[in-house]
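Data block below; observations after.
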Amino acid sequence: MRATYRNDEDVARLHIESLLERHSAQVDALPEHLRRIYGRRVARSLAGTVALGGALIAAVLSAAGVIARDVQPSSDARGVGTVALLAAWAAVAIAYVVGRLLARAKLRDALAREVRRSGDVHSDRARLEAAAPEASARALVEEEERRSIALPLAGVAVLAPLSLHLAFHVLRFAASSDLGRLLIDFDGWIVLSLVLVGHVHAIVAYLSFSYARKLRESSMDELIATPPPGGPRALGIAILASLIPGAILVLLPPILVAVTGALVLLPAFHAAYQCVLCERRQLSAG
């Protein structure tokens, strides 16, 4: 009886070896577009997270710098928020590259878990027989879709408007050689924007996550026939939200939100929609 049991285990071990070879071959044969789309989605998710964090850090440092200069005019906290805003874009670019590299490791580790041995040859064999690397990879790609749209969309929605204002600020003071004054002035603008339309940024970030959820829940046919309302809706809500306290300030905040939002939100939401369509078409074709 014991010999028969050992013989069964030996057969199971031999079968496991062949299953491991099959699994390795299936992993190597994964369609390249699955790896590519997964890499892009993970990279976008990480870059979007960094963009959101960068915008928050820039706002906090700007407020701290303004307070420090009010308390102590000789303070060296000059333009730290503006510098952080510029650094955020560099960090976003780095995060995207790092995300592509991390995606490879994440995919490899996720598929490796399917073949990790537990010590029980019979359960290991059953798990290996059921393993399907391509199906697992597709599940990972689909799971990452919503994050890969929501996070970068929200990140752009809060980081790009201030960056656009900075570009106009630089053009306005292009003739001035006083870089320190330029940075200090824009730190004050960041704080003013936070006070007047900070709630608008929060609302647009929420709308970004809501839009990503709607895209995720829609089928390909639904996306083509009746796409969920995106940029125009977000822009309209942002303008309405800016009426408080915009109506009190001669409608200046709503006008700024309308112009900036038209330049940022409309193309950003459209790009997110087109990105989902493009990637889903590639996934269906494969």
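Pro254 and Ser242 get closest at one heavy-atom pair: CA-OG, 3.1 Å. When all heavy atoms of Ala95 and Val50 are compared, the closest pair comes out as CB-CG2, 3.5 Å. The minimum heavy-atom distance between Arg280 and Leu215, with the atom names listed, is NH2-O, 2.8 Å. Of all non-hydrogen atoms in Pro133 and Val27, the two that sit nearest each other are CB-CG2, 3.9 Å. Nearest approach of Gly99 to Val42, heavy atoms of both residues: O-CG1, 3.6 Å. Of all the heavy atoms in Ala58 and Ala84, the pair that sits closest is CA-CB, 3.9 Å.
With values rounded to the nearest 0.5 angstrom, Ile57 atom CD1 is found 7.0 Å from Leu61 atom CG. With rounding to the nearest 0.5 angstrom, the CZ atom of Arg40 is 6.5 Å from the OH atom of Tyr96. Taking CG from Leu34 and CG from Leu140, the interatomic distance works out to 10.0 Å, rounded to the nearest 0.5 Å. Interatomic distance, Leu235 CG to Leu265 CG, rounded to the nearest 0.5 Å: 6.0 Å. To the nearest 0.5 Å, atoms CG (Leu153) and CG (Leu52) are separated by 10.0 Å. Leu164 CG to Leu166 CG: the interatomic distance, rounded to the nearest 0.5 Å, is 9.5 Å.
Hydrophobic clustering (ILVMFWY, side-chain heavy atoms < 4.5 Å, transitive): Ile149 and Ile224 are in one cluster. Hydrophobic clustering (ILVMFWY, side-chain heavy atoms < 4.5 Å, transitive): Phe269 and Leu277 are in one cluster. Follow the hydrophobic side-chain contacts under 4.5 Å out from Leu159 and you reach Val200 in the same cluster. Each of Val158 and Trp189 belongs to its own hydrophobic cluster when Ile, Leu, Val, Met, Phe, Trp and Tyr are linked at side-chain heavy-atom distances under 4.5 angstrom. By the rule that hydrophobic residues join a cluster once side-chain heavy atoms approach within less than 4.5 Å of another member, Leu102 and Ile94 end up as members of one cluster.
For the pair Tyr273 (side chain) and Leu223 (backbone), a donor-acceptor distance under 3.5 Å is present. For Ser210 (side chain) and Leu207 (main-chain N/O), no donor-acceptor pair under 3.5 Å exists by modelled atom type. Formation of a donor-acceptor pair under 3.5 Å by the His201 side chain with backbone atoms of Leu194 is not found in this model. The backbone N or O of Glu145 sits less than 3.5 Å from a side-chain atom of Ser148, completing a donor-acceptor pair. Here the side chain of Arg41 pairs a donor or acceptor atom with the backbone of Val141 at under 3.5 angstrom. At distances below 3.5 Å, at least one donor-acceptor pair connects side-chain atoms of Arg138 with backbone N or O atoms of Leu283. The backbone N or O of Ala63 sits nowhere less than 3.5 Å from a side-chain atom of Asp187 that would complete a donor-acceptor pair.
In this structure, Glu134 and Gln26 have side chains that are not in contact, with every pair of non-hydrogen atoms separated by 4.5 Å or more. No side-chain heavy atom of Pro31 sits under 4.5 Å from any side-chain heavy atom of Arg36. With contacts defined as side-chain heavy-atom distances shorter than 4.5 Å, the pair Glu279/His33 does not qualify. Side-chain contact check for Phe186 versus Ser62: every heavy-atom pair is 4.5 Å or farther apart. For the pair Arg216 and Val276, the minimum side-chain heavy-atom distance is 4.5 Å or more. Contact annotation: the side chain of Leu86 never approaches that of Val83 to less than 4.5 Å [non-hydrogen atoms, C-beta and beyond]. Considering only heavy atoms from C-beta on, Ile237 stays 4.5 Å or farther from Val204 through its side chain. Using a 4.5 Å cut-off on side-chain heavy atoms (C-beta onward), Val264 and Val156 make contact.
Defined by atom type and a distance below 3.5 Å, a donor-acceptor pair is missing between the side-chain atoms of His165 and Ser193. Arg147 and Ser45 share no donor-acceptor pair across their side chains, judged by distance under 3.5 Å alone.
Pairs passing the salt bridge (charged side-chain N to carboxylate O under 4.0 Å, His left out) check and including a residue from residues 83-106, sequence neighbours excluded, do not occur.
For Glu222, the side chain to side chain contact (heavy atoms under 4.5 Å, CB included) test picks out Ser218, Ser219, with sequence neighbours left out.
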